[in-house]
Amino acid sequence: MTKPIPRIGSRRNGRIGSRKSGRRIPKGVIHVQASFNNTIVTVTDVLGQVVSWSSAGTCGFRGTRRGTPFAAQTAAGNAIRTVVDQGMQRAEVMIKGPGLGRDAALRAIRRSGILLSFVRDVTPMPHNGCRPPKKRRV
């Protein structure tokens with residue numbers, strides 16, 4: 001008779017989420033994606049693996065309030081609070097998008113106490129764009 005396969009993440013042996021909190025991350029990258037409708041803040045380590053993330057939608061803002069600077073500030077604060085507990089001291093910031101939450105998210109990151117090595121704008125800009133559609137014939 002075959003042996004039963006042990007369940008690694010079962011609730012009985014209490015290993016749920018134990019690996020996540022055990023990592024020490026001294027340096028990371030904070031990605032801020034600010035669109036007109038929402039602001040998403042993702043914190044990764046230097047290899048690009050996501051450590052923590054938050055968005056204005058997950059913070060409880062709905063509809064047009066998701067695109068506001070206050071919603072971006074709240075989202076940035078929530079994403080950074082977990083990584084400060086894991087020991088992050090230095091970070092690089094990559095900001096993408098034209099939204100209203102760009103400056104507010106950056107202000108919240110500066111206030112968190114993390115030393116910023118640089119802030120880079122990585123908004124994609126078309127050099128010449130794609131070919132426009134043919135003109136409409138009447």
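Values in this document were obtained by computation on a predicted structure and should not be read as measured data. The figures that follow rest on heavy atoms only: side chains count, while hydrogens, waters and symmetry mates do not.
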Asks: Nearest 0.5 angstrom please: Thr44 OG1 to Met94 CE, how far?
Replies: 8.5 Å
Asks: Under the side chain to side chain contact (heavy atoms under 4.5 Å, CB included) criterion, do Ile80 and Ile30 qualify, and how do the steps go?
Replies: CA-CA 9 Å; Ile80 288 172; Ile30 302 170; 4.2 Å; yes
Asks: Over all heavy atoms of both residues, which pair between Ala91 and Ile114 is shortest? Give the atoms and the distance, please.
Replies: CB-CG2, 3.6 Å
Asks: According to the side chain to side chain donor-acceptor pair (under 3.5 Å) rule, which pairs have a member within residues 88-101, sequence neighbours left out?
Replies: Lys27-Glu92
Asks: Distance check, rounded to the nearest 0.5 Å: Asn38 atom CG versus Thr68 atom OG1?
Replies: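 One finds 10.0 Å between CG of Asn38 and OG1 of Thr68.
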Asks: Given Val43 and Met88, is the side chain to side chain contact (heavy atoms under 4.5 Å, CB included) satisfied, shown in steps?
Replies: CA-CA 10 Å; Val43 184; Met88 185 179 284; 3.7 Å; yes
Asks: Is there a path of hydrophobic side-chain contacts, each under 4.5 Å between heavy atoms of I, L, V, M, F, W or Y residues, that connects Val41 with Phe61?
Replies: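 No, because Val41 and Phe61 fall into different hydrophobic clusters, even though each may have its own neighbours under 4.5 Å.
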Asks: Roughly how far, to the nearest 0.5 Å, is the CD1 atom of Ile95 from the OG1 atom of Thr39?
Replies: 10.5 Å
Asks: Grouping I, L, V, M, F, W and Y whenever their side-chain heavy atoms are under 4.5 Å apart, do Val29 and Leu116 come out in a common cluster?
Replies: no
Asks: Heavy atoms only: give me the nearest Ala56-Ala75 pair and the separation to one decimal.
Replies: N-CB, 3.8 Å
Asks: Kindly indicate whether the side chain of Val32, heavy atoms from C-beta on, has any atom under 4.5 Å from the side chain of Ile109.
Replies: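 Sidechains of Ile109 and Val32: in contact.
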Asks: To the nearest 0.5 angstrom, please state how far the CD atom of Gln73 sits from the CG atom of Leu106.
Replies: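 It is 11.5 Å, given to the nearest 0.5 Å.
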Asks: Can you pull out every side chain to side chain donor-acceptor pair (under 3.5 Å) where at least one residue sits in residues 115-138? Sequence neighbours excluded, please.
Replies: Arg102-Asp121, Asp121-Thr123
Asks: Of all the heavy-atom pairs spanning Pro69 and Ala104, show the shortest one and how long it is.
Replies: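 What the structure gives for the nearest pair is O-CB, 3.2 Å.
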Asks: Does Val122 belong to the same Ile/Leu/Val/Met/Phe/Trp/Tyr cluster as Met125, with side-chain heavy atoms less than 4.5 Å apart forming each link?
Replies: no
Asks: Any donor and acceptor pair, going by atom type alone, linking the side chain of Ser52 with main-chain N or O of Ala79 inside 3.5 Å?
Replies: yes
Asks: Among all residues two or more places apart in sequence or in another chain, which pass the salt bridge (Lys or Arg N to Asp or Glu O under 4.0 Å) test with Asp103?
Replies: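 In terms of salt bridge (Lys or Arg N to Asp or Glu O under 4.0 Å), with neighbours along the sequence ignored, Asp103 is linked to no residue.
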Asks: Do Arg110 and Val119 make a side-chain contact, defined as non-hydrogen atoms from C-beta onward lying under 4.5 Å apart?
Replies: yes
Asks: Distance from His31 atom NE2 to Trp53 atom CH2, nearest 0.5 Å?
Replies: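 Rounded to the nearest 0.5 Å, the NE2-CH2 separation comes out at 15.0 Å.
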